[in-house]
Amino acid sequence: MTIAITGSTGQLGRLLIDALKARLPARDLLALARSPAKAADLGIAVRQADYDQPDALPAALAGIDTLMLISANELGKRAEQHRHIIDAARRAGARRIVYTSLLHADTSTLSLAGEHIATEKMIKDSGLAYTILRNGWYTENYAGSIAGAVAGGALIGSAGAGRISSAARADYAQAAAVALAGEGHDGKTYELAGDDSFTLADLAAEVSRQTGRAIPYRNLPRADYAAALRGFGLPADFADAVAGWDVSASQGALFDEGRVLSRLICRPTTALSAVVAAALK
Ligand SMILES: NC(=O)c1ccc[n+]([C@@H]2O[C@H](COP(=O)([O-])OP(=O)(O)OC[C@H]3O[C@@H](n4cnc5c(N)ncnc54)[C@H](OP(=O)(O)O)[C@@H]3O)[C@@H](O)[C@H]2O)c1
């Protein structure tokens, strides 16, 4: 049984491979990497695989049982990239695909949802067994905002009083390892999110508590937040997308209280305070 993992050189992929090595023999794992040299330290076999080189993908996937598709990171190109590797998995005779989607992808107002829904459909249409891991926000996404808040004296955003049920990458990685190594996950779609939710004002309060400085949350209209992000050097399109995600968060797009993630990993999800402490180190 070979599990081939895309995104193996990324932050989630590395955590996932660690979690899988604790459960399965290393010989059952295969890292797929567009730059194999970057995967040389993973301690498992590596094959070259670039979503943008579709002709080479079926050979890269030859002999695998399961494709762990960690969603790609180039917004707007991902659906096409995912189509290439899903098609290759089918042609290579894989049995199953496990995919990292987006929390409530089918109803989400986040601009990210479209590519995830398209990918979920491609996976279902492939006829292969599947497990969809609809991951919520990574708490680590706020590391940059926390650093900016400490430097600037206020946390800024457009999420209003929206509650955010984020979890740490390590929590999502462990859930993926459970789905990959365990039984009974075929045909399932899991909505994965943190046990506890917080607002950006709560986040600012936690940063204040840990730094001993009063750092308030300042809510901005979307256009003003996007302008501030451009001022920090983000490209205009990305700044607007980030501000838009906050507006969606203000409407509840990042909230979930199902606690499916902690049930899957048999422990509470990582506390906000722990991620803030790591960001402040
Ligand atoms: N839930 C959330 O809050 C959240 C936040 C950010 C991202 N995400 C999604 O979750 C995924 C994993 O997160 P992460 O933090 O691990 O992201 P990451 O560190 O950016 O890792 C992305 C991985 O995708 C690989 N990749 C990119 N383009 C590729 C291509 N053309 N062919 C093959 N591999 C390619 C990268 O390889 P290289 O090492 O060669 O670049 C890297 O291994 C992201 O890709 C994104 O879809 C979710």
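Quick note: numbers below take in every heavy atom, side chains included, and nothing from hydrogens, waters or symmetry partners. Remember, it's a predicted structure, so these values are computed and weren't measured experimentally.
- The backbone N or O of L32 sits less than 3.5 Å from a side-chain atom of S8, completing a donor-acceptor pair.
- A173 meets the side-chain contact (heavy atoms from CB on, under 4.5 Å) test with L12, L15, L16; sequence neighbours excluded.
- Taking the six-membered ring where the residue is Trp, Y99 and H82 present perpendicular rings, their angle passing 60° and hence far from 30°.
- By the neighbour-count criterion of 12 heavy atoms within 6.0 Å, atom NZ of K124 is densely surrounded, having more than that number from other residues, nucleotides or ligands.
- With no hydrogens or angles considered, a side-chain donor-acceptor pair links S71 and T100 at under 3.5 Å.
- In this structure, CD1 in I132 is found 9.0 Å from CG in L69, a value given to the nearest 0.5 Å.
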Worksheet item: Yes or no on side-chain contact (heavy atoms from CB on, under 4.5 Å) for R78 and T119, after CA distance, side-chain angles and deciding distance?
Response: CA-CA 9 Å; R78 299 191 289 179; T119 303; 5.9 Å; no
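- Between the side chain of R83 and the backbone N or O of M122, no donor-acceptor pair lies under 3.5 Å.
- In plain terms, the two heavy atoms of S197 and R163 that are nearest each other are OG-NE, 2.8 Å.
- A 4.5 Å side-chain heavy-atom check between R14 and D41 finds at least one atom pair inside the cut-off.
- Shortest non-hydrogen contact noted between A72 and Y51 is CB-CE1, 3.4 Å.
- In this structure, R209 pairs ionically with E206, as a charged nitrogen and a carboxylate oxygen lie closer than 4.0 Å.
- L112 is not connected to F255 by any chain of hydrophobic side-chain contacts under 4.5 Å among Ile, Leu, Val, Met, Phe, Trp and Tyr, and they are in different clusters.
- Residues I17 and A31 come closest through the heavy atom pair CD1-CB, 4.5 Å.
- Hydrophobic clustering of Ile, Leu, Val, Met, Phe, Trp and Tyr side chains at less than 4.5 Å, counting indirect connections, unites V242 with L155.
- From L110, atom CG reaches atom NE2 of H116 across 9.0 Å, with rounding to the nearest 0.5 Å.
- L29 and I85 are members of different hydrophobic clusters when ILVMFWY side chains are connected at heavy-atom separations under 4.5 Å.
- Taking 4.5 Å as the limit, some side-chain heavy atom of R267 sits within range of a side-chain heavy atom of D171.
- Looking only at side-chain heavy atoms (C-beta outward), I86 and Y130 stay at 4.5 Å or farther from each other.
- For the pair Y190 and V178, the minimum side-chain heavy-atom distance is 4.5 Å or more.
- Hydrophobic clustering places M68 together with L42 (ILVMFWY residues linked when any side-chain heavy atoms are closer than 4.5 Å, directly or through intermediates).
- Under the 4.0 Å criterion applied to side-chain N and carboxylate O atoms, R134 and D106 are assigned as salt-bridge partners.
- Counting heavy atoms of neighbouring residues, nucleotides and ligands inside a 6.0 Å radius, atom CD of Q251 exceeds 12 of them.
- S108 approaches L103 most closely through the heavy-atom pair CB-O, 4.0 Å.
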Fill in: Trace of the side-chain contact (heavy atoms from CB on, under 4.5 Å) decision for L102 with I117
CA-CA 9 Å; L102 174 73; I117 281 298; over 6 Å; no
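- Listed by first and then second residue, the side chain to side chain donor-acceptor pair (under 3.5 Å) pairs involving residues 215-239 are Y217-N219, R222-D240 (not counting sequence neighbours).
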Item to complete: Show your reasoning for whether side-chain contact (heavy atoms from CB on, under 4.5 Å) applies to V207 and V150.
Response: CA-CA 8 Å; V207 175; V150 171; 4.0 Å; yes
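- The aromatic rings of F238 and W245 stand perpendicular to each other, their planes meeting at an angle above 60°, with 30° marking the opposite boundary.
- Contact check on D28 versus K21 returns no salt bridge, with no Lys/Arg side-chain nitrogen under 4.0 Å from an Asp/Glu carboxylate oxygen.
- Between Y172 and L133 the shortest side-chain heavy-atom distance does not fall below 4.5 Å.
- For R23, the CZ atom sits in a packed shell: over 12 heavy atoms of surrounding residues, nucleotides or ligands are nearer than 6.0 Å.
- Among all heavy-atom pairs drawn from G153 and R213, the shortest one is CA-NH2, 4.1 Å.
- At a threshold of 4.5 Å between non-hydrogen side-chain atoms, the residues Q11 and E140 do not count as touching.
- Taking CG from D50 and CG from D55, the interatomic distance works out to 12.0 Å, rounded to the nearest 0.5 Å.
- Panel note: side chain E115, backbone A79; a donor-acceptor pair is recorded below 3.5 Å.
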Worksheet item: For D256 and S165, what are the C-alpha separation, side-chain angles and deciding distance, and is it a side-chain hydrogen bond (donor to acceptor under 3.5 Å, both in side chains)?
Response: CA-CA 6 Å; D256 180 88; S165 310; over 6 Å; no
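- Taking each heavy atom of D246 and S158 in turn, the nearest pair found is OD2-N, 2.7 Å.
- Atom-to-atom distance recorded for L200:CG and I164:CD1 is 4.0 Å, nearest 0.5 angstrom.
- Neither side chain, Y142 nor S166, offers a donor N or O lying under 3.5 Å from an acceptor on the other.
- Note that OG1 of T269 is 3.5 Å distant from CG of D195, once rounded to the nearest 0.5 Å.
- With rounding to the nearest 0.5 angstrom, the CG atom of L254 is 8.5 Å from the CZ atom of F198.
- Within the 4.5 Å cutoff, the side chain of T109 has no heavy atoms near those of the V247 side chain.
- Looking at heavy atoms from C-beta onward, I146 lies in side-chain contact with L203 at the 4.5 angstrom threshold.
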Discussion item. Does I215 form a side-chain contact (heavy atoms from CB on, under 4.5 Å) with Q210? I'd like the steps, not just the answer.
Written reply: CA-CA 10 Å; I215 297 178; Q210 292 197 23; over 6 Å; no
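- In the hydrophobic clustering of ILVMFWY residues, with side-chain heavy atoms under 4.5 Å counting as a link, L180 and I64 come out apart.
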